[in-house]
Amino acid sequence: MRIVIQSDASAVAAFAAREIANQVAYKPHSCLGLATGGTPVGAYRELIQIHRTSHLSFANVTTFNLDEYVGLTANHPCSYRTFMNEHLFSHLDIPLNQTFVPIGDASDLVTECIAYEERIGLAGGIDLQLLGIGSDGHIAFNEPGSSLGSRTRVKTLLQQTRIDNARFFDSMDLVPTSAITMGIGTILDSKAILLIACGEGKAEAIAGAAEGPLSASLPASSLQMHPCVTLVVDESAASGLMRADYYRMSERERHRLEVGTGQ
Ligand code: PGA
């Protein structure tokens with residue numbers, strides 16, 4: 001696992017945007033896995049800026065979002081489809097029919113989950129998956145206790161997750177109780193993974209993900225099994241890391257040698 005400690009949230013955003021842009025520049029037909037939530041907003045803003053200034057085209061990119069609330073229509077103001085359209089897709093040259101978000105109000109949710117997995121497979125799999133992390137260590141909506149081999153399915157949200165996400169809704173009662181989410185197994189099938197986290201509220205989860213035991217109780221610890229994961233965190237989110245000095249040294253070494261150390 002590569003761990004990159006940045007000074008603040010804007011440096012985390014800039015780093016993540018550069019990684020995504022590099023992926024698209026290297027492979028214009030990339031398949032990107034995308035995330036919602038507060039943390040990716042800055043990265044998307046930077047990516048839009050890169051698209052404008054460097055004329056980086058997303059016309060051939062395909063995207064798959066991690067999750068969607070069950071029961072919300074695509075055009076609901078709080079749906080993740082709306083979030084993605086507003087924060088990213090409408091600012092890029094990507095055709096909307098190349099962007100996939102699970103359909104949260106599908107009449108048959110099980111069929112939708114199976115179809116979502118099939119769509120990812122037909123697209124050739126995800127080249128780079130962007131992730132946030134919950135304060136409880138969840139990735140996507142894989143709450144603690146999720147099977148490490150899970151695939152896209154419906155998950156009931158923990159009360160803490162609903163509380164964390166209530167800020168996007170008019171009231172707590174309006175926060176859905178379940179979501180369609182890629183499974184941990186689905187996420188681990190991605191060729192590369194980039195997890196971003198900012199703020200003290202994420203420090204414990206980040207420490208568990210990077211240095212804790214591998215456990216379904218902290219879903220992000222499953223990333224320890226993947227050969228190509230980068231965690232990009234600000235100083236506050238890094239504050240629980242026991243080996244922070246080593247990670248900093250490893251990054252300096254990486255730059256000095258210009259090789260990919262640190263996985
Ligand atoms: P946040 O959510 O970016 O809004 O903190 C992250 C997550 O729950 O995965």
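Side chains of D164 and S135: a donor on one and an acceptor on the other come within 3.5 Å. Using modelled atom types and a 3.5 Å distance limit, the side chains of T62 and Q98 yield no donor-acceptor pair. For the residue pair R81 and T99, a side-chain donor N or O sits within less than 3.5 Å of a side-chain acceptor on the partner. Side-chain N/O atoms of D93 and S57 include a donor and acceptor closer than 3.5 Å. Side chains of Q159 and R162: a donor on one and an acceptor on the other come within 3.5 Å.
Of all heavy-atom pairs between I139 and G132, the closest is CG2-O, 3.8 Å. Smallest separation of non-hydrogen atoms from P95 and A59: CD-O, 3.5 Å. Residue P102 comes nearest to N65 through the heavy atom pair CD-O, 3.9 Å, listed as atom of the first residue, atom of the second, then distance. Among all heavy-atom pairs drawn from T82 and A74, the shortest one is OG1-O, 3.0 Å. Nearest heavy-atom pair across I193 and S190 is CG1-CB, 4.1 Å. Closest heavy-atom contact between M1 and A210: SD-CA, 3.9 Å.
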In sequence, state the C-alpha distance, the side-chain angles, and the governing distance for F83 and Y44, and then conclude on side chain to side chain contact (heavy atoms under 4.5 Å, CB included). CA-CA 11 Å; F83 177 101; Y44 293 155; 4.3 Å; yes

Decide side chain to side chain contact (heavy atoms under 4.5 Å, CB included) for E235 and I5; before the verdict, give the C-alpha distance in whole Å, the side-chain angles of both, and the deciding distance to 0.1 Å.
-> CA-CA 6 Å; E235 291 286 352; I5 302 171; 3.8 Å; yes

Checking side chain to side chain contact (heavy atoms under 4.5 Å, CB included) for the pair T230/L195: CA distance, chi angles, key distance, verdict? CA-CA 6 Å; T230 304; L195 184 148; over 6 Å; no

| message | Please evaluate residues F64 and V101 with respect to the criterion side chain to side chain contact (heavy atoms under 4.5 Å, CB included), reporting the C-alpha separation (whole Å), side-chain torsions for both, the decisive distance (0.1 Å), and the verdict. | response | CA-CA 6 Å; F64 287 90; V101 180; over 6 Å; no

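Inter-residue side-chain proximity for M182 and Y116 is flagged as met; some heavy-atom pair is nearer than 4.5 Å. Side-chain contact between L188 and L148 is absent, with no heavy-atom pair separated by less than 4.5 Å. Using a 4.5 Å heavy-atom threshold, the side chains of H226 and C228 count as touching. For the pair L66 and I187, the minimum side-chain heavy-atom distance is below 4.5 Å.
Atom CG of D127 sits about 11.5 Å away from atom NE2 of H29, to the nearest 0.5 Å. Distance check: N60 CG to K27 NZ gives 11.5 Å after rounding to the nearest 0.5 Å. Taking CG of D234 as the start and OG of S10 as the end, the distance is 9.5 Å to the nearest 0.5 Å. Here the CD-CD distance, from Q224 to E211, works out to 9.0 Å after rounding to the nearest 0.5 Å. Remark: L92 CG to I48 CD1 distance equals 6.0 Å, nearest 0.5 Å. Atom CG of residue L131 and atom OG1 of residue T39 lie 11.0 Å apart, to the nearest 0.5 angstrom.
Residue pairs that meet the side-chain hydrogen bond (donor to acceptor under 3.5 Å, both in side chains) test with at least one member in residues 171-189, sequence neighbours left out, are E117-T186, R151-D189.
Each of L130 and L223 belongs to its own hydrophobic cluster when Ile, Leu, Val, Met, Phe, Trp and Tyr are linked at side-chain heavy-atom distances under 4.5 angstrom. No single ILVMFWY cluster, assembled from side-chain heavy atoms under 4.5 Å apart, contains both I180 and I184. Following chains of ILVMFWY side-chain contacts shorter than 4.5 Å, one can reach Y247 starting from I206, so the two form part of one hydrophobic cluster. One hydrophobic cluster, built from ILVMFWY side chains closer than 4.5 Å, cannot hold both V110 and V70; they sit in different ones. In the hydrophobic cluster analysis, where Ile, Leu, Val, Met, Phe, Trp and Tyr join through side-chain heavy atoms closer than 4.5 angstrom, V41 is grouped together with L88.
The only option from L96, T36, T63 that meets the side-chain contact (heavy atoms from CB on, under 4.5 Å) definition with M84 turns out to be T36.
Within the 3.5 Å criterion, the main-chain N or O of G199 finds no donor-acceptor partner in the side chain of S236. Looking only at distances, no side-chain donor or acceptor of H91 sits under 3.5 Å from a matching main-chain atom of Q49. Counting only distance, with no hydrogens or angles, the side chain of K191 and the backbone of L128 share no donor-acceptor pair below 3.5 Å. S54 places no side-chain N or O within donor-acceptor distance of the main-chain N or O of H51, the cut-off being under 3.5 Å. Remark: the backbone N or O of S215 is paired with a side-chain donor or acceptor of S221 at under 3.5 angstrom. Side-chain N or O atoms of S147 include one that pairs as donor or acceptor with a backbone N or O of G149 at under 3.5 Å.
Shown here is D170, whose CG atom has no more than 12 heavy atoms of other residues, nucleotides or ligands within 6.0 Å. With a 6.0 Å radius and a threshold of 12 heavy atoms from other residues, nucleotides or ligands, M172 has its CE atom above the threshold.
Using a cutoff of 4.0 Å between basic side-chain nitrogens and carboxylate oxygens, E112 and R119 are scored as salt-bridged. Ion pairing between a basic and an acidic side chain is recognised when a charged N comes within 4.0 Å of a carboxylate O; E251 and R2 show such pairing.
Not counting sequence neighbours, the partners of D136 by the side-chain contact (heavy atoms from CB on, under 4.5 Å) test are H138, E143, P144, L158, T161.
Clustering of Ile, Leu, Val, Met, Phe, Trp and Tyr side chains at separations under 4.5 Å leaves L122 isolated, with no partner residue.
Aromatic ring centres of Y69 and F168: separated by at least 6.0 Å.
Classification of the Y80-F141 ring pair by plane angle, with boundaries at 30° and 60°, yields parallel.
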